[in-house]
**Student:** 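Structure below; questions to follow.
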Amino acid sequence: MAKYIVLAVLIIILNFIHSFFLPSGGVYADSLSYFEIASDLPDPVTNLFPLGYPAMLRGFFEVFGDYFWAAKFLNTSMLVVILLFSYFKSFYFKETVLLMTGKTILFVFSIAISEGLFVFLLYFLLYYLNKILLEHRNSYKNILIASLIMLAMFVSRYSGIYVYLSIGAFSVYLFFKGKDKMQIRGMILFLLLSGLGIAGYLLFNYNIFGSFTGENLRGKPEEILPIYIIRDLFGTANAIDPYIGLKPSSNSMASLVVQFFVLMTDVFVFLYFLRYFKRAKASSSYYFHALLWTVAVGYALSLLVSGCFQQIEEMNTRMMAAANVCLFFSFLILYFKNSNTDKVIFRVACFFVAFFTLYSLKNPVNYFENRNQIEPQMPKFSHKKYLYNDDRGGADALTTYHIPIINKTFQYKHTNNQKGDVKQSIAGTINPKIKWLKYDTIKDRSQVLYTSELILK
């Protein structure tokens with residue numbers, strides 16, 4: 001047990017300091033939208049994103065007075081709460097620690113995005129659903145808490161509806177296959193209560209903003225080209241792999257070859273996981289694992305389909321966070337139940353913690369140095385209402401990699417390392433009221449802060 005406690009502490013420390021070495025401190029375009037909504041509270045002006053994550057950010061902002069630190073301490077606090085809860089409740093502590101060594105947890109809790117809160121709530125939802133399925137009596141307290149968590153997930157990310165629908169699909173399966181009436185009754189009551197809560201939030205949105213989920217603000221989806229479909233399928237399949245999440249932004253043949261080899265790894269991992277899942281059929285926890293797999297598959301497929309009709313980013317580690325966590329958690333639980341030693345899985349986990357850290361920080365940059373350059377310039381632009389990155393037309397910053405075995409080098413453009421993106425993220429963090437623009441559509445240019453006006457050496 002001691003080695004898991006040490007690993008847990010190491011994960012928390014790495015998570016906390018990780019974004020200090022990223023050019024924009026782990027703050028990206030969507031982060032700025034969350035900061036803007038948070039700064040408008042308690043009088044929000046848009047429902048493009050639900051209010052859950054911005055409300056949490058605002059709460060931490062009131063303590064720390066800065067949205068970078070608000071996001072940082074919010075993420076770290078959620079990690080600590082999960083680990084302490086797992087340890088003191090004896091809820092799969094070893095499995096939970098190893099779950100945090102996977103690509104999803106290490107990623108979503110290291111930057112300012114709503115998936116961190118979403119996964120945090122998902123973990124506790126699984127805890128209470130597990131109690132509903134395994135306890136031999138209905139506990140209305142567990143059902144009520146699970147329903148409130150499900151509502152909170154939807155209020156954190158609209159894609160929470162796909163988790164809800166997936167649990168509904170599982171409940172239908174349980175109704176026809178299950179023999180325990182208490183389980184069936186508990187799941188039905190959970191669906192009714194959480195469904196009422198979700199419907200209530202949708203009505204709140206419609207009455208306040210005139211739309212249910214900001215659908216009138218998203219614009220039409222981009223043209224669906226075959227290359228985008230292929231990339232989305234690769235990204236969806238990669239929800240299976242707990243560790244490897246390489247996804248080059250280029251559409252070149254080399255990029256597709258890399259993603260194809262990752263797909264082959266995904267297939268191997270799926271077959272490996274499936275072998276363990278089949279062993280659960282004879283155990284009392286079978287329905288809990290069936291729930292995990294149903295949520296994973298239902299969420300991934302629903303998000304994939306919705307991408308065809310909505311203006312959302314392509315499928316990747318961030319988008320598939322909930323699906324990946326469910327599959328990996330199921331595997332870890334079953335692994336410990338069916339294995340006599342944890343040496344291999346523990347060593348693999350430690351290796352990938354080190355790999356992820358080195359990979360993401362392969363070109364470390366001092367975030368505070370970048371911020372110290374931008375911050376003194378911001379007061380003279382305090383009257384600006386909009387922020388637009390107009391540095392995209394310049395020379396791209398390319399990172400050079402050397403492959404020692406074959407003695408070859410290649411260059412790659414990392415989107416978040418571009419100066420315009422870095423300046424935009426830092427400026428929006430310092431002034432959260434400024435609205436970042438995806439397109440330069442404001443006619444009165446005097447209202448727009450262009451990133452080319454900011455100096456970053």
Side-chain angles (χ1 to χ4, degrees), residues 15-16 19 22 24-79 81 107-121 149 151-160 201-202 204-205 207-214 217-218 312-313 318 321 367 371 374-375 378-379 381-389 416 421-438 449:
N15 168 267
F16 187 77
S19 62
L22 298 176
S24 60
V27 174
Y28 303 115
D30 278 358
S31 309
L32 301 184
S33 296
Y34 294 126
F35 294 170
E36 181 189 358
I37 296 172
S39 67
D40 289 333
L41 294 176
D43 299 307
V45 296
T46 179
N47 64 336
L48 180 63
F49 297 107
L51 297 177
Y53 183 61
M56 294 295 291
L57 284 172
R58 182 56 182 267
F60 276 76
F61 173 80
E62 294 300 323
V63 176
F64 298 101
D66 182 276
Y67 278 104
F68 168 78
W69 289 112
K72 172 61 61 183
F73 280 99
L74 172 58
N75 282 346
T76 303
S77 297
M78 289 189 291
L79 277 180
V81 168
F107 176 67
V108 301
F109 284 102
S110 64
I111 61 178
I113 53 175
S114 62
E115 279 81 2
L117 178 59
F118 193 69
V119 169
F120 172 80
L121 293 168
I149 294 173
L151 171 60
M153 287 185 68
F154 181 75
V155 175
S156 300
R157 285 188 63 79
Y158 291 130
S159 59
Y201 187 76
L202 290 173
F204 164 80
N205 267 355
N207 288 331
I208 300 298
F209 303 106
S211 64
F212 292 111
T213 59
L217 304 173
R218 301 179 187 278
I312 60 176
E313 62 186 274
R318 174 185 175 181
Y367 162 70
R371 176 165 174 151
I374 299 296
E375 196 163 17
M378 291 301 294
F381 300 113
S382 59
H383 62 287
K384 302 284 188 178
K385 296 181 179 179
Y386 305 97
L387 174 64
Y388 179 70
N389 178 11
N416 295 320
D421 294 285
V422 174
K423 289 189 282 187
Q424 174 182 269
S425 296
I426 295 177
T429 302
I430 297 169
N431 179 13
K433 285 286 189 180
I434 197 167
K435 182 178 179 60
W436 77 275
L437 302 171
K438 188 174 183 179
L449 169 56

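Residue numbers count from 1 along this sequence.
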**Student:** Is Arg371 salt-bridged to Asp66, cutoff N-O under 4.0 Å?
**Tutor:**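 Yes.
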
**Student:** Which atom names give the shortest non-hydrogen contact between Tyr388 and Leu437, and what distance separates them?
**Tutor:**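 The pair with the smallest heavy-atom distance is CD1-O, 3.5 Å.
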
**Student:** Please report the shortest heavy-atom distance between Ala112 and Phe35, naming the atom on each side.
**Tutor:**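 Result for this residue pair: CB-CZ, 4.1 Å.
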
**Student:** If only side-chain N and O atoms count, and only distance matters, is there a donor-acceptor pair under 3.5 Å linking Ser425 with Tyr28?
**Tutor:**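 No pair is found: no donor N or O on one side chain lies under 3.5 Å from an acceptor on the other.
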
**Student:** Just verifying a value: how many Å separate Leu387 CG and Ile434 CD1, rounded to the nearest 0.5 Å?
**Tutor:**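 Going from CG on Leu387 over to CD1 on Ile434, the span is 5.0 Å.
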
**Student:** Using 4.0 Å as the upper bound for N to carboxylate O, is an ion pair formed by Arg318 and Asp30?
**Tutor:**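 Judged by the 4.0 Å cut-off on N to carboxylate O distance, Asp30 and Arg318 do form a salt bridge.
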
**Student:** Minimum heavy-atom separation for Ala29 and Gln424, please, with both atom names.
**Tutor:**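 What the structure gives for the nearest pair is CB-NE2, 4.3 Å.
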
**Student:** Atom CZ of Phe60 and atom CH2 of Trp69: how far apart are they, to the nearest 0.5 Å?
**Tutor:**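 Atom-to-atom, Phe60:CZ and Trp69:CH2 are 14.0 Å apart.
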
**Student:** Would you say that Asn15 contacts Thr76 through its side chain, given a criterion of any heavy-atom pair below 4.5 Å between the two side chains?
**Tutor:**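 Heavy-atom side-chain distance check passes, below 4.5 Å.
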
**Student:** Just wondering, do Phe107 and Ile113 contact through their side chains at under 4.5 Å, heavy atoms?
**Tutor:**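 Counting from C-beta outward, Ile113 and Phe107 do come under 4.5 Å.
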
**Student:** Is the shortest side-chain heavy-atom distance between Ser156 and Phe120 below 4.5 Å?
**Tutor:**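 No - every pair of side-chain heavy atoms lies 4.5 Å or more apart.
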
**Student:** For the rings on Tyr67 and Phe61, is their centre-to-centre separation under 6.0 Å?
**Tutor:**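 Between Phe61 and Tyr67, which both carry aromatic rings, the centre distance is below 6.0 Å.
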
**Student:** Kindly compute the distance separating CZ (Phe73) from CZ (Phe68), expressed to the nearest 0.5 Å.
**Tutor:**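 Rounded to the nearest 0.5 Å, the CZ-CZ separation comes out at 9.5 Å.
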
**Student:** Testing the basics here: between Val108 and Ala321, what is the closest heavy-atom pair and its distance to 0.1 Å?
**Tutor:**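 That closest heavy-atom pairing would be CG1-CB, 4.2 Å.
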
**Student:** Donor-acceptor pair, distance only, cut-off 3.5 Å: does the side chain of Trp436 make one with the backbone of Leu32?
**Tutor:**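 Checked: no pair found.
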
**Student:** Quick check: do Phe49 and Ile37 have side-chain heavy atoms less than 4.5 Å from each other?
**Tutor:**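 Yes, at least one pair of side-chain atoms sits under 4.5 Å.
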
**Student:** Where the side chain of Asn75 meets the backbone of Ile111, is there a donor-acceptor pair that is under 3.5 Å apart?
**Tutor:**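 Indeed, once roles are kept as given, a pair shorter than 3.5 Å links the two residues.
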
**Student:** Compare all side-chain heavy atoms of Pro50 with those of Phe154 and state whether any distance is below 4.5 angstrom.
**Tutor:**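 No - every pair of side-chain heavy atoms lies 4.5 Å or more apart.
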
**Student:** Check this for me: does any side-chain nitrogen of one of Glu36 and Lys433 sit under 4.0 Å from a carboxylate oxygen of the other?
**Tutor:**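 The answer is no: the pair does not qualify as a salt bridge.
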
**Student:** Under 3.5 Å, is there a donor-acceptor pair between the side chain of Arg58 and the main chain of Leu41?
**Tutor:**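 Present.
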
**Student:** Search all heavy atoms of Ser31 against all heavy atoms of Gly26 and return the closest pair with its distance.
**Tutor:**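 The pair with the smallest heavy-atom distance is OG-O, 4.2 Å.
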
**Student:** Taking Leu22's backbone N and O only, do any of them form a donor-acceptor pair with Ser19's side chain (distance below 3.5 Å, no angle check)?
**Tutor:**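 Checking the backbone N and O of Leu22 against the side chain of Ser19, no donor-acceptor pair under 3.5 Å is found.
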
**Student:** Just wondering, are more than 12 heavy atoms of other shown residues or ligands nearer than 6.0 Å to NZ in Lys384?
**Tutor:**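 Count over threshold, so yes.
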
**Student:** Given Leu449 and Met378, is the side chain to side chain contact (heavy atoms under 4.5 Å, CB included) satisfied, shown in steps?
**Tutor:** CA-CA 10 Å; Leu449 169 56; Met378 291 301 294; 4.1 Å; yes

**Student:** Minimum heavy-atom separation for Ser159 to Phe118, with atom names?
**Tutor:**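 So the minimum-distance heavy-atom pair works out to OG-CZ, 4.1 Å.
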
**Student:** So, taking the atom named CG in Leu117 and the one named OH in Tyr34, what distance separates them when rounded to the nearest 0.5 Å?
**Tutor:**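 Output value for this atom pair is 10.0 Å.
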
**Student:** Under the 3.5 angstrom rule, does the side chain of Lys72 hit a backbone N or O of Phe16 as a donor-acceptor pair?
**Tutor:**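 Yes; at least one donor-acceptor contact below 3.5 Å.
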
**Student:** When rounded to the nearest 0.5 angstrom, what distance separates CG in Leu202 from CG in Asn207?
**Tutor:**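 Rounded to the nearest 0.5 Å, the CG-CG separation comes out at 11.0 Å.
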
**Student:** Sort and list the pairs that fulfil side-chain hydrogen bond (donor to acceptor under 3.5 Å, both in side chains) and have at least one residue in residues 45-57, not counting sequence neighbours.
**Tutor:**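 Found Asn47-Ser211.
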
**Student:** Is Leu48 close to Tyr158 at the side-chain level, that is, under 4.5 Å between some pair of heavy atoms?
**Tutor:**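 Answer no - side chains too far apart.
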
**Student:** Flag the pair Asn389 / Asp421 as yes when at least one side-chain heavy-atom distance between them is below 4.5 Å, and no otherwise.
**Tutor:**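 Yes, their side chains come closer than 4.5 Å.
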
**Student:** Kindly compute the distance separating OG (Ser39) from CG (Leu57), expressed to the nearest 0.5 Å.
**Tutor:**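 Answer rounded to 0.5 Å: 10.5 Å.
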
**Student:** Would you indicate whether the side-chain heavy atoms of Lys385 and Lys435 approach each other to under 4.5 Å?
**Tutor:**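 Not touching, per the 4.5 Å side-chain cut-off.
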
